[in-house]
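Right, one structure below, let's go through it.
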Amino acid sequence: MALRLYNTLSGKIEEFQPERDNTVRFYACGPTVYDYGHIGNFRTFVAVDVLRRFLRQSGYGTNHVMNITDVDDKIIRNAVQRGMSIFDYTKKYVQAFLDDMQTLGIQQPERIVRATDHIGEMAHFIHELERSGVAYKTEDGSYYFRIAKFPGYGKLSKKDFAGMTDGARVDVDEYDKDNARDFALWKAPKEGEAKWETEIGPGRPGWHIECSTMSMKYLGETFDLHAGGEDLMFPHHENEIAQSEALTHKTFARFWMHARFLLVEGEKMSKSLGNFYTLRDLVLMGHKPSSLRFLLASVPYRKQLNFTFDGLKQAATSVERLRNFKLRLETSQWAEGSSPEIVKLANDAVAQMKAGMDDDLNTAQMLGSIFDLVRDVNAAADHGQVKKDDIPALMSALSRFDEIFDVLTDNDAGKVKRVVQWAETEGLREKVSAEAEEMSQSAAMSDAQVEELVGRHSAARRAKDFKSSDAIRDQLMAQGIILENTKDGVRWRRK
RNA sequence: GGCGCGGUAGCCAAGUGGUAAGGCAGAGGUCUGCAAAACCUUUAUUCGGCGGUUCGAUUCCGCCCCGCGCCUCCA
């Protein structure tokens, strides 16, 4: 079975294959860097990350390009307000975004490209469009795309613009667009705002042209897939198609993937409702990066995800269960030999996970399969039916899962620590919760230090000095370390 | 208003024309020096409502109710 993906362009689920060789060329719309990323942004980026990881797991190479929009109205406005250049203003948010990606375990695309590094190429693109008659210049020096010249306009967002185009004509000399729907390719300079001198005159690019220019530059005139949040379908992606295909007369992106918005506590996230959270807000509140990633990845990308604090707690417990299972596989004493039934369970789980993911990236089904395996193997292990030679197959099944979810390795403490340190340098100390503080501190204790205390605990227990052993266990607990005595010996993990 | 998506147990959520995966939470039990972990049993006669098609629908069709998105720069 091969990957089947919902293609916004056709409105259907289609089999997905890269067009040539074994490499998937895809472009994902990245952030506009005027502020810290919020949890809604990251739902989309996690969804793209899940796609990326599954493609690689399926044996494809990836050429994944993500843009960073570092010039737009908001950025210009904020930079002007602060008396900064847009480069200086966006610098901090670019870095914050990259750090946040790492916090959430989002893999780096092969290429991250910035709009402001491609201004000349965008101007050239617009020049070519003008030459072919689909773009026109207005009196003030702005350029617009004439949608009436592009018959396919609306094919992505399924909008019918017939009858709306070329209605009451407005003269070009009237200093305005020909048609209300025509969109800006290039904006004439305004006093005090950032501008570039280019072959089509001074000014700055419109929003959509950067993605057309950069995607085709790095991926070719036709590439395999283009992804983004559902709001980008119109006008952004529709306009990208218009610009690109008007120029090349070739299919721009073969597949379009759109991630659905999330809700927060059942409501649309908005600053006015007070349910607007950046990733950093949530980490400072004491939520683990792994819980956040798990929750964001657990709901298939085309479903509306209801992001709740209860759900976050549930996600944390679920991750813990999976990590405990892995720890059990790693630390228990297994009898020699093998059990074909156990290996079969592992192989079946792998097959089911793949089947789920092949079905339009059904991460919920993948989760169901891995938890089935966890329950069945835990039960078998309790009955002594798991043997030493079964472990590799089980670990391999866990790896298949974690190649997508990436939550099994506990590196939460270090990530939380970094965010806590950021909060301190930004003067946001009061936003650091006790939980975040505790997690951050647990990162201070090295594995070796923990092992040392664990050793003393075990020695005391062997001597039946439970008072001492419990005291050590309590001490570790206070520092965010959970110590467990199992029949196979002692083991520990971070809270 | 136009176009589109969705409503499955307390919460998150999969799925199918043939009678409801999985996780979390809850209840009872097993194991255990205690704790933790783990396991077992249990929790939707029912899939927003009303009709229709069908031997049979949660799954197909129609209508209604509710939630959500886009309809010019919000992922």
Side-chain angles (χ1 to χ4, degrees), chain A residues 8 11 28-32 37-48 69 72-74 154 157-161 177 180-184 206-208 227-236 238-239 258-263 266-271 294-295 298-300 302-325 327-328 331-332 352 356 359 362-383 461 464 466-467 469-470 473-474 477 482-488 490-493:
Chain A
T8 309
C29 287
T32 301
H38 57 72
I39 196 66
N41 298 127
F42 288 110
R43 199 251 161 130
T44 299
F45 298 125
V46 167
V48 173
T69 300
D72 90 319
D73 289 348
K74 245 178 265 171
S157 52
K158 314 281 183 280
K159 290 181 193 305
D160 184 8
F161 291 96
K177 299 187 275 183
R181 294 274 168 178
D182 287 354
F183 59 88
W207 176 31
H208 320 293
E230 62 170 332
D231 60 316
L232 298 182
M233 213 161 85
F234 188 89
H236 186 52
E238 195 70 62
N239 291 352
H258 292 98
R260 193 110 203 245
F261 271 20
L262 55 66
L263 256 40
E267 293 186 288
K268 183 177 170 142
M269 179 167 71
S270 73
K271 287 183 177 164
F294 183 92
L295 180 57
S298 66
V299 178
R302 283 203 298 138
K303 281 211 63 154
Q304 192 166 59
L305 185 163
N306 187 11
F307 185 92
T308 65
F309 288 100
D310 188 43
L312 211 40
K313 232 181 291 168
Q314 296 177 9
T317 317
S318 301
V319 170
E320 222 176 296
R321 180 166 159 84
L322 293 169
R323 285 181 180 173
N324 282 331
F325 177 70
L327 196 60
R328 181 176 195 178
T331 61
S332 294
Q352 280 161 19
D359 181 15
N362 191 338
T363 48
Q365 199 175 108
M366 174 176 238
L367 270 181
S369 306
I370 199 70
F371 276 110
D372 275 339
L373 181 70
V374 169
R375 181 183 12 77
D376 291 347
V377 173
N378 267 326
D382 280 359
H383 292 102
R461 261 187 102 233
K464 300 259 187 249
F466 295 121
K467 205 172 161 188
S469 67
D470 287 355
R473 192 171 64 196
D474 291 346
M477 181 60 96
I482 296 170
L483 195 154
E484 299 173 355
N485 293 296
T486 71
K487 64 178 163 53
D488 292 323
V490 66
R491 67 182 203 189
W492 66 273
R493 60 197 161 93

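Chain identifiers are assigned alphabetically (A, B, ...) following the order of the sequence lines, protein sequences preceding nucleic acid strands; residue numbering begins at 1 within each chain.
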Side-chain donor/acceptor contact of A:Gln314 with base of B:C11 under 3.5 Å | yes
Could you work out the separation of B:A44 and B:C60 based on their C1' atoms and round it to a whole Å?
-> 23 Å
Under a 3.5 Å limit on both distances, the Watson-Crick or wobble mate of B:U45 is none
B:U45 and B:C39, which share atom name P, separated by this distance in whole Å = 27 Å
Pick base, sugar-phosphate or nothing for A:Asp372, based on heavy-atom distances below 4.0 Å to the nucleic acid.
-> sugar-phosphate
For B:U16, the Watson-Crick or wobble partner whose two distances fall under 3.5 Å | none
Please measure how far the P atom in B:G52 lies from the corresponding atom in B:G10, and state the result in whole Å.
-> 29 Å
NZ of A:Lys487 versus C1' of B:G33: gap in Å, rounded?
-> 18 Å
For B:A14 and B:G23, measure between their C1' atoms and round to the nearest Å.
-> 11 Å
Separation of B:G33 atom P from A:Arg461 atom CZ, nearest Å, is 8 Å
Provide the distance between the two C1' atoms, one in B:C73 and one in B:G15, to the nearest whole Å.
-> 39 Å
According to the interplanar angle, ranging from 0 to 90°, do the rings of A:Trp207 and A:His236 count as parallel (below 30°), tilted (30 to 60°) or perpendicular (above 60°)?
-> parallel
Select base, sugar-phosphate, or nothing to describe what A:Asp474 touches, counting heavy atoms under 4.0 Å on all strands.
-> nothing
Where the side chain of A:Asn41 meets the backbone of A:His38, is there a donor-acceptor pair that is under 3.5 Å apart?
-> yes
If the C1' atom of B:A9 is compared with that of B:G51, how far apart are they to the nearest Å?
-> 26 Å
In whole angstrom, what separates A:Leu305's CG from B:G69's C1'?
-> 15 Å
Does B:U30 have a Watson-Crick or wobble partner in any strand here, with both distances under 3.5 angstrom, and which is it?
-> B:A38
Under 4.0 Å between any heavy atoms, over every strand shown, what does A:Lys159 touch: base, sugar-phosphate, or nothing? Just pick one.
-> base
What's the CD-C1' distance between A:Gln304 and B:G67, to the nearest Å?
-> 7 Å
Watson-Crick or G-U counterpart of B:U59, or none if no pair lies under 3.5 Å = none
Give none if B:U53 has no partner; otherwise give the nucleotide forming a Watson-Crick or G-U wobble pair with it, both distances under 3.5 Å.
-> none
Pairing partner of B:C5 (Watson-Crick or G-U wobble, both distances under 3.5 Å) | B:G67
Kindly indicate whether the side chain of A:Arg321 and the base of B:C24 share any N or O donor-acceptor pair separated by less than 3.5 Å?
-> no
Once you apply the 3.5 Å cut-off to both distances, tell me the Watson-Crick or G-U wobble partner of B:C24, or none.
-> B:G10
Using atom P of each nucleotide, how far apart are B:C47 and B:U42 to the nearest Å?
-> 23 Å
Here the distance between atom C1' of B:C71 and atom CZ of A:Phe261, to the nearest Å, is 14 Å
If you find the nucleotide of RNA chain B closest to A:Arg493 and the one closest to A:Phe183, which residue's nucleotide is nearer the 5' end?
-> A:Arg493
Distance, P atom - from B:U30 to B:U59, rounded to whole angstrom | 44 Å
Base, sugar-phosphate, or nothing: which does A:Gly368 touch, judged by heavy atoms less than 4.0 Å apart?
-> base
Whether A:Phe466 stacks on the six-membered ring of B:G33 base, 5.5 Å and 30° limits | yes
Have a look at A:Phe371 and say if it touches a base, only the backbone sugar-phosphate, or nothing, with a 4.0 Å heavy-atom cut-off.
-> sugar-phosphate
Between A:Lys303 (NZ) and B:C5 (P), how many Å, whole number?
-> 14 Å
Between A:His383 and A:Phe294, which is nearer to the 5' end of RNA chain B once each is assigned its nearest nucleotide?
-> A:Phe294
Side-chain donor/acceptor of A:Arg260 to base of B:G6, under 3.5 Å | no
If you look at every strand shown and take non-hydrogen atoms under 4.0 Å, does A:Arg375 touch a base, only sugar-phosphate, or nothing?
-> sugar-phosphate
What integer distance in Å separates A:Met269:CE from B:G67:C1'?
-> 17 Å
Check: B:A75 base within 3.5 Å donor-acceptor of A:Arg43 side chain = no
Whole angstrom value for the distance that separates P of B:C73 from NZ of A:Lys74 | 9 Å
Using a cut-off of strictly less than 4.0 Å, decide whether A:Asn378 has a side-chain nitrogen or oxygen near OP1 or OP2 of B:A38.
-> no
